[in-house]
J.: 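Structure provided below as structure tokens; questions to follow.
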Amino acid sequence: MEFLCHHRDRSDSLALRMELLEEHWSSMDRFAQEMIARGPTLAEDGETPTGSVHIPDLPDAATARAFAFDEPGYQAGVYRDVLLRRWRDLLGRTMWDFPGGPTEGDRFLVLGLGAGEAADLTVPAGRGDDLIAYGPLLSDGATAWLGTAALLRAPGPAAARALLTEDRYADIEVHPWQFGGRSQ
């Protein structure tokens, strides 16, 4: 079962986040084989972390909740909230398989929060070379569409936002993002 987990930092938590960075990485290292994608969301300066995105493939919802809420930063109060949703990997690859590599171009997390009938359920034509991860956000039982989430390379936030069908979502969030984890 694939899940998308987006921890969003609370204001003024950067020092605590940095203090716990090694603990965070050690916690995530336990899930290295299950990880589809991971990395921080960033402020507009492209450097200051504003949250963390992880897309693991885990055995069940209880394991996903433990993954999200036992994370050291969450336990210490780094985050203001956590979005944890079932997700379906429509690309069938991890971020490490992305042909654009870890640093080429600007990267974004796009979250489309659903409203009504499901939309964007297939990989957008002509965007495959820019997509790092793409798929629907789903209810716990994977029976209801709740939105769409993507990690992608794009020339800017407006181009990233244009990936989704604008009028099919209650809200679309775009966050600068970069490949995460330990330096190899």
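Nothing fancy with the numbering, it's 1 onward along the sequence. Just so it is clear, the values below take in all heavy atoms, side chains as well, and ignore hydrogens, waters and symmetry mates.
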J.: Give a yes or no on whether the backbone of S139 and the side-chain of R86 come within a donor-acceptor separation of less than 3.5 Å.
T.: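 Such a contact is absent between R86 side chain and S139 backbone.
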J.: I'd like to know whether CZ of R127 has more than 12 heavy-atom contacts from other residues, nucleotides or ligands below 6.0 angstrom.
T.: yes
J.: Is there a side-chain contact between H54 and E71 (heavy atoms, below 4.5 Å)?
T.: no
J.: Check whether any side-chain heavy atom of F69 sits under 4.5 Å from a side-chain heavy atom of V82, and report yes or no.
T.: yes
J.: Would you say S27 and E23 are linked by a side-chain donor-acceptor pair, where the criterion is simply a distance under 3.5 Å?
T.: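 No - no donor-acceptor pair under 3.5 Å links their side chains.
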J.: Quick one: does P176's side chain get under 4.5 Å of D106's, heavy atoms only?
T.: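 P176 vs D106: side chains apart.
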J.: Do R17 and D9 meet the salt-bridge criterion of a basic N to acidic O distance under 4.0 Å?
T.: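 Looking at D9 and R17, the cut-off is met.
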J.: Just so I know, are the side chains of D130 and L163 near enough to count as touching, which here means a heavy-atom distance under 4.5 Å?
T.: no
J.: Is any side-chain heavy atom of H6 closer than 4.5 Å to one of R85?
T.: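 Answer no - side chains too far apart.
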J.: Tell me whether L131 is reachable from I36 by hopping between hydrophobic residues (I, L, V, M, F, W, Y) whose side-chain heavy atoms are closer than 4.5 Å.
T.: no
J.: Just verifying a value: how many Å separate R107 CZ and F98 CZ, rounded to the nearest 0.5 Å?
T.: 5.0 Å
J.: Please answer whether the main-chain N or O of D129 pairs with a side-chain N or O of R153 as donor and acceptor at a distance below 3.5 Å.
T.: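 Side chain of R153 to backbone of D129: a pair is present.
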J.: Apply side chain to side chain contact (heavy atoms under 4.5 Å, CB included) to residues D57 and E2 and explain how you reach the verdict.
T.: CA-CA 4 Å; D57 185 356; E2 298 145 342; 4.0 Å; yes
J.: Are L4 and I172 connected in the hydrophobic side-chain network, where two residues link if heavy atoms are under 4.5 Å apart?
T.: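 No; tracing contacts between hydrophobic side chains, which count when under 4.5 Å, never links both residues.
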J.: Could you pull out the closest heavy-atom pair between T50 and L42, with the gap in Å?
T.: OG1-N, 3.5 Å
J.: To the nearest 0.5 Å, tell me how far R10 CZ sits from D81 CG.
T.: 12.5 Å
J.: Quick check on side-chain contact (heavy atoms from CB on, under 4.5 Å): which of L21, L14, T41 does P49 satisfy it with?
T.: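 Of all the options given, the one that passes is L14.
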J.: Is the closest side-chain heavy-atom distance between T148 and R168 below 4.5 Å?
T.: no
J.: In terms of ring plane angle, is the pair Y79 and H7 parallel, tilted or perpendicular, where the classes change at 30° and 60°?
T.: tilted
J.: Please confirm whether the backbone N or O of A133 pairs with a side-chain atom of D89, one donor and one acceptor, at under 3.5 Å?
T.: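 Such a contact is absent between D89 side chain and A133 backbone.
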J.: Quick one: CD1 on I132 to CD1 on I55, what's the gap to the nearest 0.5 Å?
T.: 10.0 Å
J.: Can you tell me how far apart CD (Q75) and CG (D70) are? Round to the nearest 0.5 Å.
T.: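 Here the interatomic distance stands at 6.0 Å.
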J.: Is there side-chain contact between M95 and M35, with heavy atoms separated by less than 4.5 Å?
T.: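 No, every pair of side-chain atoms sits at 4.5 Å or beyond.
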J.: If you measure from CG on L121 to OH on Y134, what distance do you get to the nearest 0.5 Å?
T.: 7.5 Å
J.: Check the hydrophobic clustering (I, L, V, M, F, W, Y; side-chain heavy atoms under 4.5 Å; chains of links allowed) and say if L84 and V110 are grouped together.
T.: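 No, L84 does not connect to V110 through the hydrophobic network.
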J.: If only side-chain N and O atoms count, and only distance matters, is there a donor-acceptor pair under 3.5 Å linking T63 with D60?
T.: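 Side chains of D60 and T63: pair found under 3.5 Å.
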J.: Please confirm whether the backbone N or O of G114 pairs with a side-chain atom of W145, one donor and one acceptor, at under 3.5 Å?
T.: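 Answer holds: no.
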J.: Is T122 close to L90 at the side-chain level, that is, under 4.5 Å between some pair of heavy atoms?
T.: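 Answer no - side chains too far apart.
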J.: Any chance you could lay out the side chain to side chain contact (heavy atoms under 4.5 Å, CB included) test for E173 and L109, step after step, and finish with the verdict?
T.: CA-CA 8 Å; E173 300 177 9; L109 164 67; over 6 Å; no
J.: Show the numbers, then the answer: is there a side chain to side chain donor-acceptor pair (under 3.5 Å) between T94 and D97?
T.: CA-CA 5 Å; T94 72; D97 300 321; 3.3 Å; yes
J.: With a sphere of 6.0 Å drawn around CG of D12, does it hold more than 12 non-hydrogen atoms of other residues, nucleotides or ligands?
T.: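 Check fails, neighbour count at 12 or below.
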J.: Are L113 and F108 joined in one hydrophobic group, where the rule is that I, L, V, M, F, W and Y side chains link up if heavy atoms are under 4.5 Å apart?
T.: no
J.: Between atom CG of L151 and atom CZ of F179, what is the distance when rounded to the nearest 0.5 Å?
T.: 8.5 Å
J.: Can you get from V174 to W177 by hopping between Ile, Leu, Val, Met, Phe, Trp and Tyr side chains that sit under 4.5 Å apart?
T.: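 No, V174 does not connect to W177 through the hydrophobic network.
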